[in-house]
Amino acid sequence: MQRNIKIVRPDRGNTSFNFDIPEVCPICGKTMSPTISEIHVTGLPEKNFTVVLLFRCSSDTCRKFFVVEYLIKSFKTQGYSSYRYTYDGPISYNRVPPVTNDLPDELKNISPTFLETYNQSLQAELLGMNQIAGIGMRKSIEFLIKDYLINVKGKDPKETKNKWLFPAIQDIEFEPIKSLATAATWIGNDETHYVREWQDKDVTDMKAFIRSAALFISADYQVNNSTAMIEQKEAEKQLAKQKKAN
(Lines give C-alpha, C1' and ligand atoms only; values in the text may rest on other atoms or scores of the structure.)
Protein backbone atom coordinates (compact mmCIF):
# COMPACT_ATOMS: atom_id res chain seq x y z
CA MET A 1 0.00 0.00 0.00
CA GLN A 2 1.33 3.42 -0.96
CA ARG A 3 0.33 6.85 0.27
CA ASN A 4 1.31 10.21 -1.18
CA ILE A 5 2.90 12.35 1.53
CA LYS A 6 4.16 15.92 1.22
CA ILE A 7 7.45 16.74 2.93
CA VAL A 8 9.86 19.67 3.28
CA ARG A 9 13.28 18.72 1.95
CA PRO A 10 16.56 19.67 3.69
CA ASP A 11 16.97 22.45 1.07
CA ARG A 12 13.58 23.80 2.22
CA GLY A 13 11.87 22.83 -1.00
CA ASN A 14 8.47 21.14 -0.91
CA THR A 15 7.88 17.82 -2.62
CA SER A 16 5.83 14.68 -2.25
CA PHE A 17 6.51 10.99 -2.71
CA ASN A 18 4.46 7.82 -2.75
CA PHE A 19 5.63 6.11 0.42
CA ASP A 20 5.21 2.37 1.04
CA ILE A 21 2.98 2.18 4.11
CA PRO A 22 3.08 -0.93 6.36
CA GLU A 23 -0.09 -2.98 6.19
CA VAL A 24 0.78 -5.25 9.11
CA CYS A 25 1.59 -3.84 12.54
CA PRO A 26 5.11 -4.90 13.62
CA ILE A 27 3.94 -4.98 17.24
CA CYS A 28 0.56 -6.75 17.25
CA GLY A 29 0.86 -8.47 13.87
CA LYS A 30 -2.60 -7.42 12.71
CA THR A 31 -3.57 -5.98 9.34
CA MET A 32 -4.07 -2.23 9.69
CA SER A 33 -4.16 1.17 8.05
CA PRO A 34 -1.89 3.25 10.30
CA THR A 35 -2.17 6.94 10.98
CA ILE A 36 0.89 9.17 10.61
CA SER A 37 1.60 11.04 13.84
CA GLU A 38 4.83 12.81 12.94
CA ILE A 39 7.16 13.37 9.97
CA HIS A 40 10.89 14.06 10.37
CA VAL A 41 13.34 14.81 7.56
CA THR A 42 17.06 14.38 8.26
CA GLY A 43 19.99 15.13 5.97
CA LEU A 44 21.84 17.88 4.11
CA PRO A 45 20.81 19.93 1.05
CA GLU A 46 21.72 18.34 -2.31
CA LYS A 47 22.51 15.03 -0.62
CA ASN A 48 20.63 11.81 -0.04
CA PHE A 49 18.34 12.21 2.94
CA THR A 50 15.92 10.18 5.00
CA VAL A 51 12.29 10.64 5.94
CA VAL A 52 11.20 9.23 9.28
CA LEU A 53 7.49 8.53 9.71
CA LEU A 54 5.99 7.87 13.12
CA PHE A 55 3.00 5.59 12.63
CA ARG A 56 0.25 4.51 15.00
CA CYS A 57 -1.47 1.17 14.61
CA SER A 58 -5.16 1.51 13.75
CA SER A 59 -6.19 -1.63 15.64
CA ASP A 60 -8.29 -0.78 18.71
CA THR A 61 -6.55 -3.50 20.71
CA CYS A 62 -3.08 -2.14 19.92
CA ARG A 63 -2.78 1.57 19.06
CA LYS A 64 0.99 1.33 19.53
CA PHE A 65 3.48 3.64 17.84
CA PHE A 66 6.26 2.49 15.53
CA VAL A 67 8.80 4.14 13.24
CA VAL A 68 9.78 3.52 9.62
CA GLU A 69 12.68 5.30 7.91
CA TYR A 70 12.77 5.90 4.15
CA LEU A 71 15.67 6.81 1.86
CA ILE A 72 15.39 9.64 -0.66
CA LYS A 73 18.20 9.82 -3.21
CA SER A 74 19.42 13.02 -4.85
CA PHE A 75 20.75 13.28 -8.40
CA LYS A 76 21.49 15.79 -11.09
CA THR A 77 20.06 15.52 -14.58
CA GLN A 78 21.72 17.07 -17.59
CA GLY A 79 20.01 20.32 -18.46
CA TYR A 80 18.87 21.00 -14.89
CA SER A 81 20.76 23.34 -12.58
CA SER A 82 19.23 22.02 -9.36
CA TYR A 83 19.22 18.58 -7.79
CA ARG A 84 16.30 16.23 -8.26
CA TYR A 85 15.13 13.56 -5.87
CA THR A 86 13.78 10.05 -6.14
CA TYR A 87 12.11 7.80 -3.60
CA ASP A 88 14.22 4.71 -2.86
CA GLY A 89 11.99 2.91 -0.37
CA PRO A 90 12.00 1.94 3.31
CA ILE A 91 15.32 1.21 4.97
CA SER A 92 15.56 -2.33 6.30
CA TYR A 93 16.92 -2.72 9.82
CA ASN A 94 17.73 -5.72 11.94
CA ARG A 95 15.70 -4.83 14.99
CA VAL A 96 17.12 -7.65 17.08
CA PRO A 97 19.70 -6.25 19.50
CA PRO A 98 23.20 -7.68 19.03
CA VAL A 99 24.66 -10.05 21.58
CA THR A 100 28.20 -10.17 22.88
CA ASN A 101 29.98 -13.02 24.59
CA ASP A 102 33.18 -13.08 26.61
CA LEU A 103 34.55 -16.23 25.02
CA PRO A 104 38.14 -16.50 23.70
CA ASP A 105 38.77 -15.51 20.08
CA GLU A 106 40.62 -18.77 19.46
CA LEU A 107 37.28 -20.59 19.39
CA LYS A 108 36.71 -19.21 15.89
CA ASN A 109 39.49 -21.53 14.75
CA ILE A 110 38.43 -24.46 16.91
CA SER A 111 34.64 -24.52 16.48
CA PRO A 112 32.91 -21.75 14.53
CA THR A 113 29.63 -23.68 14.62
CA PHE A 114 29.77 -23.71 18.41
CA LEU A 115 30.13 -19.93 18.44
CA GLU A 116 27.27 -19.47 15.98
CA THR A 117 24.96 -21.77 17.94
CA TYR A 118 25.94 -20.30 21.30
CA ASN A 119 25.42 -16.73 20.10
CA GLN A 120 22.01 -17.59 18.68
CA SER A 121 21.12 -19.10 22.05
CA LEU A 122 22.19 -15.89 23.79
CA GLN A 123 20.00 -13.99 21.30
CA ALA A 124 17.02 -16.16 22.21
CA GLU A 125 17.68 -15.58 25.90
CA LEU A 126 17.91 -11.81 25.31
CA LEU A 127 14.53 -11.87 23.58
CA GLY A 128 12.97 -13.70 26.52
CA MET A 129 12.76 -17.08 24.74
CA ASN A 130 13.77 -18.94 27.87
CA GLN A 131 12.23 -22.23 26.80
CA ILE A 132 14.52 -22.60 23.77
CA ALA A 133 17.70 -20.75 24.80
CA GLY A 134 18.93 -23.66 26.92
CA ILE A 135 18.20 -26.17 24.17
CA GLY A 136 20.44 -24.22 21.81
CA MET A 137 23.20 -24.07 24.39
CA ARG A 138 22.99 -27.83 24.84
CA LYS A 139 23.55 -28.19 21.08
CA SER A 140 26.49 -25.79 21.23
CA ILE A 141 28.22 -27.98 23.85
CA GLU A 142 28.23 -30.92 21.46
CA PHE A 143 29.96 -28.92 18.73
CA LEU A 144 32.47 -27.45 21.17
CA ILE A 145 33.49 -30.82 22.60
CA LYS A 146 33.61 -32.75 19.34
CA ASP A 147 35.44 -30.00 17.46
CA TYR A 148 37.91 -29.78 20.35
CA LEU A 149 38.60 -33.49 20.13
CA ILE A 150 39.00 -33.35 16.33
CA ASN A 151 40.77 -30.02 15.79
CA VAL A 152 42.89 -29.76 18.94
CA LYS A 153 43.41 -33.33 20.16
CA GLY A 154 43.59 -34.97 16.72
CA LYS A 155 40.85 -37.57 17.26
CA ASP A 156 39.39 -39.41 14.28
CA PRO A 157 36.74 -37.08 12.75
CA LYS A 158 34.33 -39.75 11.52
CA GLU A 159 34.41 -41.72 14.75
CA THR A 160 34.05 -38.62 16.94
CA LYS A 161 31.19 -37.10 14.93
CA ASN A 162 29.16 -40.30 15.14
CA LYS A 163 29.51 -40.71 18.91
CA TRP A 164 26.86 -39.70 21.43
CA LEU A 165 27.98 -36.70 23.42
CA PHE A 166 28.69 -38.44 26.73
CA PRO A 167 31.00 -41.07 25.19
CA ALA A 168 32.77 -38.25 23.35
CA ILE A 169 33.25 -36.40 26.64
CA GLN A 170 34.90 -39.52 28.07
CA ASP A 171 37.58 -39.21 25.37
CA ILE A 172 38.76 -35.96 26.96
CA GLU A 173 41.92 -36.59 28.95
CA PHE A 174 42.01 -33.28 30.83
CA GLU A 175 39.73 -33.78 33.85
CA PRO A 176 38.65 -30.12 34.35
CA ILE A 177 37.26 -29.94 30.78
CA LYS A 178 35.62 -33.35 31.18
CA SER A 179 33.98 -32.26 34.45
CA LEU A 180 32.73 -28.94 33.08
CA ALA A 181 31.41 -30.51 29.88
CA THR A 182 29.61 -33.22 31.83
CA ALA A 183 27.91 -30.77 34.19
CA ALA A 184 26.94 -28.41 31.37
CA THR A 185 25.47 -31.32 29.40
CA TRP A 186 23.43 -32.49 32.39
CA ILE A 187 21.85 -29.06 32.70
CA GLY A 188 21.40 -28.89 28.93
CA ASN A 189 19.54 -32.20 28.98
CA ASP A 190 17.27 -30.81 31.69
CA GLU A 191 16.44 -27.96 29.30
CA THR A 192 15.14 -30.50 26.76
CA HIS A 193 13.16 -32.78 29.09
CA TYR A 194 9.82 -32.55 30.85
CA VAL A 195 11.19 -33.31 34.32
CA ARG A 196 14.33 -31.57 35.57
CA GLU A 197 16.89 -33.65 37.44
CA TRP A 198 18.89 -30.64 38.67
CA GLN A 199 16.27 -28.40 40.26
CA ASP A 200 18.81 -25.92 41.64
CA LYS A 201 20.68 -25.43 38.34
CA ASP A 202 19.67 -23.47 35.27
CA VAL A 203 20.93 -21.79 32.10
CA THR A 204 23.05 -19.35 34.10
CA ASP A 205 25.03 -22.26 35.56
CA MET A 206 25.30 -23.91 32.16
CA LYS A 207 26.73 -20.72 30.61
CA ALA A 208 29.31 -20.51 33.41
CA PHE A 209 30.39 -24.12 32.83
CA ILE A 210 30.56 -23.62 29.05
CA ARG A 211 32.65 -20.49 29.44
CA SER A 212 35.10 -22.20 31.80
CA ALA A 213 35.42 -25.21 29.49
CA ALA A 214 35.97 -22.86 26.55
CA LEU A 215 38.79 -21.11 28.41
CA PHE A 216 40.56 -24.43 29.07
CA ILE A 217 40.03 -25.50 25.44
CA SER A 218 41.42 -22.20 24.20
CA ALA A 219 44.46 -22.62 26.45
CA ASP A 220 45.05 -26.14 25.13
CA TYR A 221 44.86 -24.81 21.58
CA GLN A 222 47.46 -22.17 22.37
CA VAL A 223 49.67 -24.76 24.06
CA ASN A 224 49.68 -26.66 20.76
CA ASN A 225 50.68 -23.48 18.94
CA SER A 226 53.48 -22.68 21.37
CA THR A 227 54.72 -26.27 21.31
CA ALA A 228 54.83 -26.16 17.51
CA MET A 229 56.97 -22.99 17.70
CA ILE A 230 59.41 -24.64 20.12
CA GLU A 231 59.63 -27.79 18.01
CA GLN A 232 60.24 -25.71 14.89
CA LYS A 233 63.04 -23.84 16.65
CA GLU A 234 64.63 -27.07 17.82
CA ALA A 235 64.42 -28.52 14.32
CA GLU A 236 66.12 -25.43 12.91
CA LYS A 237 68.91 -25.79 15.49
CA GLN A 238 69.41 -29.43 14.59
CA LEU A 239 69.48 -28.61 10.90
CA ALA A 240 72.04 -25.86 11.50
CA LYS A 241 74.24 -28.30 13.45
CA GLN A 242 74.07 -30.85 10.64
CA LYS A 243 75.04 -28.24 8.05
CA LYS A 244 77.92 -27.09 10.24
CA ALA A 245 79.13 -30.65 10.73
CA ASN A 246 79.09 -31.28 6.99
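Starting from 1, each residue takes its place in the sequence as its number.
- With hydrogens and angles disregarded, a donor-acceptor distance shorter than 3.5 Å links the side chain of Y70 to the backbone of D20.
- Side-chain atoms of I5 and L53, non-hydrogen and from C-beta on, do get closer than 4.5 Å to each other.
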Between side-chain atoms of residues 229-239 and protein atoms elsewhere (two or more places apart, or another chain), which donor-acceptor pairs fall under 3.5 Å?
{"from": "Q232", "atom 1": "NE2", "to": "E236", "atom 2": "OE2", "distance (Å)": "3.3"}

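- The shortest non-hydrogen separation linking A124 to I132 is CB-CG1, 4.2 Å.
- Under a 4.5 Å side-chain heavy-atom criterion applied to ILVMFWY residues, the cluster that includes L71 comprises I91, Y93 as well.
- If you take OH on Y87 and CD1 on I7, they are separated by 11.0 Å, rounding to the nearest 0.5 Å.
- The side-chain heavy atoms of I72 and T86, taken from C-beta on, include no pair separated by under 4.5 Å.
- Of all non-hydrogen atoms in V203 and G134, the two that sit nearest each other are CG2-CA, 3.9 Å.
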Legend entry - Candidate pair F49 and Y85, rule ring pair (Phe, Tyr, Trp, His ring centres under 6.0 Å), full reasoning: CA-CA 9 Å; F49 65 92; Y85 300 89; 5.5 Å; yes

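- Atoms CG and OG1, from N225 and T227 in turn, are 8.5 Å apart once rounded to the nearest 0.5 Å.
- Without hydrogens or angle criteria, N224 side chain to V152 main chain gives a donor-acceptor distance under 3.5 Å.
- The backbone N or O of K158 lies less than 3.5 Å from a partner atom in the side chain of N162, making a donor-acceptor pair.
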Inset, instruction - Applying side chain to side chain contact (heavy atoms under 4.5 Å, CB included), run through D202 and M206 and close with a yes or a no. - result: CA-CA 6 Å; D202 58 17; M206 180 163 56; over 6 Å; no

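- Listed by chain and residue number, nothing satisfies the side-chain contact (heavy atoms from CB on, under 4.5 Å) test with S179 (two or more places apart in sequence, or in another chain).
- Between E173 and K153 there is no salt bridge, since no side-chain N of the basic residue sits under 4.0 Å from a carboxylate O of the acidic one.
- Using modelled atom types, no side-chain atom of K73 and backbone atom of D88 make a donor-acceptor pair closer than 3.5 Å.
- Listed here is the closest heavy atom pair of I21 and R3: CG1-CB, 3.6 Å.
- Note on F166 and F143: same hydrophobic cluster, where clusters join Ile, Leu, Val, Met, Phe, Trp and Tyr whose side-chain heavy atoms are under 4.5 Å apart, directly or indirectly.
- In terms of modelled atom types and a separation under 3.5 Å, the side chain of S111 and the main chain of L107 share no donor-acceptor contact.
- A 4.5 Å side-chain heavy-atom check between M32 and P22 finds at least one atom pair inside the cut-off.
- Hydrophobic clustering (ILVMFWY, side-chain heavy atoms < 4.5 Å, transitive): L165 and I187 are in one cluster.
- Note on residues 203-244: pairs passing ring-ring contact (aromatic ring centres under 6.0 Å, His included), not counting sequence neighbours, are F174-F216.
- Under the salt bridge (charged side-chain N to carboxylate O under 4.0 Å, His left out) criterion, R63 pairs with no residue, sequence neighbours left out.
- A donor-acceptor pair under 3.5 Å is absent between the side-chain atoms of S16 and the main chain of K6, judged by distance alone.
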Inset, instruction - Evaluate the side chain to side chain contact (heavy atoms under 4.5 Å, CB included) criterion for residues R56 and K64: first the C-alpha distance (whole Å), next the side-chain angles of each, then the deciding distance (0.1 Å), finally the verdict. - result: CA-CA 6 Å; R56 191 174 193 183; K64 299 292 192 305; over 6 Å; no

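- For residues 129-138, the pairs satisfying side-chain hydrogen bond (donor to acceptor under 3.5 Å, both in side chains) are R138-E142, R138-N189, with sequence neighbours left out.
- For the atom pair CG (L215) and CG (D220), the distance works out to 12.5 Å, reported to the nearest 0.5 Å.
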Could you give the side-chain donor-acceptor pairs of residues 33-43 under 3.5 Å, partners two or more places apart or in another chain?
{"from": "E38", "atom 1": "OE1", "to": "H40", "atom 2": "NE2", "distance (Å)": "2.8"}
{"from": "T42", "atom 1": "OG1", "to": "T50", "atom 2": "OG1", "distance (Å)": "2.5"}

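- Of the possible donor and acceptor atoms, none in the side chain of N14 sits under 3.5 Å from a partner among the backbone N and O of V8.
- Residues K178 and Q170 have side chains in contact (heavy-atom distance under 4.5 Å, counting atoms from C-beta outward).
- Here D171 pairs with K163 under the salt bridge (charged side-chain N to carboxylate O under 4.0 Å, His left out) rule; sequence neighbours left out.
- R9 places no side-chain N or O within 3.5 Å of a backbone atom of L44 that could act as its donor or acceptor partner.
- Applying the under-4.5 Å side-chain rule to Ile, Leu, Val, Met, Phe, Trp and Tyr, the cluster around F65 extends to V52, L54, V67.
- The local environment of NZ in K207 is crowded, with over 12 non-hydrogen atoms from other residues, nucleotides or ligands closer than 6.0 Å.
- One distance of note links CG of N109 with CG of N151; it measures 9.5 Å at 0.5 Å rounding.
- In this structure, L103 and F114 have side chains that are in contact, with non-hydrogen atoms separated by less than 4.5 Å.
- Here the closest heavy-atom approach between residue I135 and residue E191 is recorded as CG1-O, 3.6 Å.
- In terms of modelled atom types and a separation under 3.5 Å, the side chain of D190 and the main chain of E197 share a donor-acceptor contact.
- Judged as a salt bridge (charged side-chain N to carboxylate O under 4.0 Å, His left out), and not counting sequence neighbours, K30 has no contacts.
- Residues passing the side-chain contact (heavy atoms from CB on, under 4.5 Å) test with S218, sequence neighbours excluded: P104, E106.
- Residues T117 and G136 approach most closely at CG2-O, 3.4 Å, considering heavy atoms.
- For the pair K244/K241, no side-chain contact is recorded, criterion being any heavy-atom separation below 4.5 Å from C-beta on.
- Distance check, rounded to the nearest 0.5 Å: CD1 of I141 to NZ of K146 gives 12.5 Å.
- Follow the hydrophobic side-chain contacts under 4.5 Å out from I150 and you never reach I172; the two are in separate clusters.
- L180 CG to S212 OG: the interatomic distance, rounded to the nearest 0.5 Å, is 5.5 Å.
- Hydrophobic clustering (side-chain heavy atoms under 4.5 Å, transitive across Ile, Leu, Val, Met, Phe, Trp, Tyr) groups M1 together with V68.
- Both M137 and W198 are part of a single hydrophobic cluster, where members link through side-chain heavy atoms under 4.5 Å apart.
- Looking only at side-chain heavy atoms (C-beta outward), V51 and F17 stay at 4.5 Å or farther from each other.
- Residues satisfying the salt bridge (charged side-chain N to carboxylate O under 4.0 Å, His left out) test with K155, not counting sequence neighbours, are none.
- Side chains of T61 and S59: a donor-acceptor N/O pair is present below 3.5 angstrom, by distance only.
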